Participant: 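Here you go, one structure.
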Number of protein chains: 2
Amino acid sequence: MEDSERLKKQKELIEQIGRQNEKEGFQPVAARILGLLMVMDKEEYTFEEIVEEMQISKSSASTALKNLEIRGIIEYVTYSGDRKRYFRFVSGEIVGMIDEMENKMIRNLATINQIIELKKDPNSRNATFLKNVLKGMEFFIKNLEELKIQYKREH
Amino acid sequence: MEDSERLKKQKELIEQIGRQNEKEGFQPVAARILGLLMVMDKEEYTFEEIVEEMQISKSSASTALKNLEIRGIIEYVTYSGDRKRYFRFVSGEIVGMIDEMENKMIRNLATINQIIELKKDPNSRNATFLKNVLKGMEFFIKNLEELKIQYKREH
DNA sequence: TTTTTAGTTCGGCACTAATCGAACTAGATT
DNA sequence: AATCTAGTTCGATTAGTGCCGAACTAAAAA
């Protein structure tokens, strides 16, 4: 593929990833910066370069980058003798992603337990439904735990 | 537990679930209606009852209920000789939840593949990182598939 | 045929979130 | 000491959501 064609496709992909990330709760600018840092061949962007590339104000860049950094999705490095920050994305550890999913499930599990405990009739439609969900969640959480161990062993 | 005390705790739980659901992208009113339908002992609420209970306008109720229904989270039933709709929450099938998670992963996987394909240097830091993430995701997706089968067999 | 019931749709207000520009800061350079 | 660089912080503005009331509709009841 020609370089110019690849660049064009990369830009399109950044936009697509941007929209995808917006759905994950990122603000538009942050979502696209993240896309930039993932997609482009250049792997470390300075603050100024991001402002240039994305056509955004310095203040927007500043807030977006801070947010992304706090969430642990990007980081920056510096090189001695150079005051600039070089931003790059932090590789998402797959086990960490699974952990996150699991934690969310565990929180939901706790809530569902609370609902059931407050039911007058523990055999009502909803109570029964919720108990089933609970059982299923417990099954998957237990097995995810094992999968994580297996994955760590294999890699 | 006394009925009045339970009711009080149920109301609190609805509020808590409401806030939780807001974080999942539901609008405040929809988030709390969902809580109501899950928590209360009464398992089918009419439109009017929801308006009453939640102290919201009919229009808000209408939009919130439509949204929840479109998302497949609640449904309504009718009884012959009664024009009212009786809303209730749809029990989340655990396997369905896992499917959803899996589909999200698969979509991410497709995106990551696109990124890698557009990289000039397939051995660059980011390309390598992304390939690792890809491998991990494939591992978990494959095994989730097996877990689902096992779960279905056991239940 | 008129009225009532059970909602839906629409326009607008209120509030929140996103982005901007301008002023500022702290460290490096001249 | 003054200037430059690399950002940050702080209102102001704009864009977007959420919710409401009022008007509307379609079916049932009187």
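The model shown is predicted, which means the values in this text are computed figures rather than measured ones.
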Participant: Give, ordered by number, those residues of residues 42-54 of chain B having at least one heavy-atom distance below 4.0 Å to an atom of DNA chain C; if nothing qualifies, reply none.
Facilitator: B:F47
Participant: Taking A:K119's backbone N and O only, do any of them form a donor-acceptor pair with B:D41's side chain (distance below 3.5 Å, no angle check)?
Facilitator: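 No, B:D41 side chain to A:K119 backbone: no donor-acceptor pair under 3.5 Å.
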Participant: Under the side-chain hydrogen bond (donor to acceptor under 3.5 Å, both in side chains) test against B:E44, which residue among B:Y76, B:Y79, B:Y86 passes?
Facilitator: B:Y79
Participant: Side chain of B:S60, backbone of B:I56: donor and acceptor closer than 3.5 Å?
Facilitator: no
Participant: When rounded to the nearest 0.5 angstrom, what is the spacing between CG in A:L65 and CD in A:E75?
Facilitator: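 Going from CG on A:L65 over to CD on A:E75, the span is 13.0 Å.
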Participant: Salt bridge (Lys or Arg N to Asp or Glu O under 4.0 Å) with B:E145: which residues, sequence neighbours excluded?
Facilitator: B:K148
Participant: At under 4.0 Å between heavy atoms, how does the protein contact nucleotides 12-29 of chain C? Give one character per nucleotide, 5' to 3', with B, S or -.
Facilitator: ------SSBB-----BS-
Participant: So what is the end-to-end bend of the helix from C:dT1-D:dA30 to C:dT30-D:dA1, with 5 pairs used at each end and the value given to 10 degrees?
Facilitator: 10°
Participant: Could you check if a side-chain atom of B:K9 sits within less than 4.5 angstrom of a side-chain atom of A:Q114, using non-hydrogen atoms only?
Facilitator: no
Participant: In sequence, state the C-alpha distance, the side-chain angles, and the governing distance for A:E100 and A:K104, and then conclude on salt bridge (Lys or Arg N to Asp or Glu O under 4.0 Å).
Facilitator: CA-CA 6 Å; A:E100 227 175 274; A:K104 212 162 124 185; over 6 Å; no
Participant: Take the protein atom CZ of B:R85 and the nucleotide atom C1' of D:dA28, then report the distance between them rounded to whole Å.
Facilitator: 15 Å
Participant: Measure from NZ on A:K84 to P on D:dT5 and round the result to the nearest Å.
Facilitator: 10 Å
Participant: Pull out every residue in residues 64-76 of chain A that has a heavy atom closer than 4.0 Å to any atom of DNA chain D, ordered by number, or say none.
Facilitator: A:K66
Participant: Pairs in or reaching into residues 24-38 of chain A: which pass side chain to side chain donor-acceptor pair (under 3.5 Å), with residues at least two apart or in two chains?
Facilitator: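 Counting only pairs at least two positions apart or across chains, the side chain to side chain donor-acceptor pair (under 3.5 Å) contacts touching residues 24-38 of chain A are A:E15-A:R32, A:E22-A:R32, A:Q27-A:N67.
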Participant: Spell out, as yes or no, whether a donor-acceptor pair under 3.5 Å connects the side chain of B:K120 to the backbone of A:M40.
Facilitator: no
Participant: Report the distance from atom CD1 of A:I33 to atom CE of A:M38, rounding to the nearest 0.5 Å.
Facilitator: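 Rounded to the nearest 0.5 Å, the CD1-CE separation comes out at 14.0 Å.
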Participant: Could you check whether B:R71 makes a cation-pi contact with B:F26, meaning its NZ or CZ is under 6.0 Å from the centre of the six-membered ring and within 45° of the ring axis?
Facilitator: yes
Participant: Indicate the atoms forming the closest heavy-atom contact of B:I17 with B:G35, along with that distance.
Facilitator: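 Heavy atoms of B:I17 and B:G35 come nearest at CG2-CA, 3.9 Å.
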Participant: When you measure from the side chain of B:Q10 to the backbone of A:L118, do you find a donor-acceptor pair of N or O atoms at a distance under 3.5 Å?
Facilitator: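 Side chain of B:Q10 to backbone of A:L118, a donor-acceptor pair under 3.5 Å: yes, one is there.
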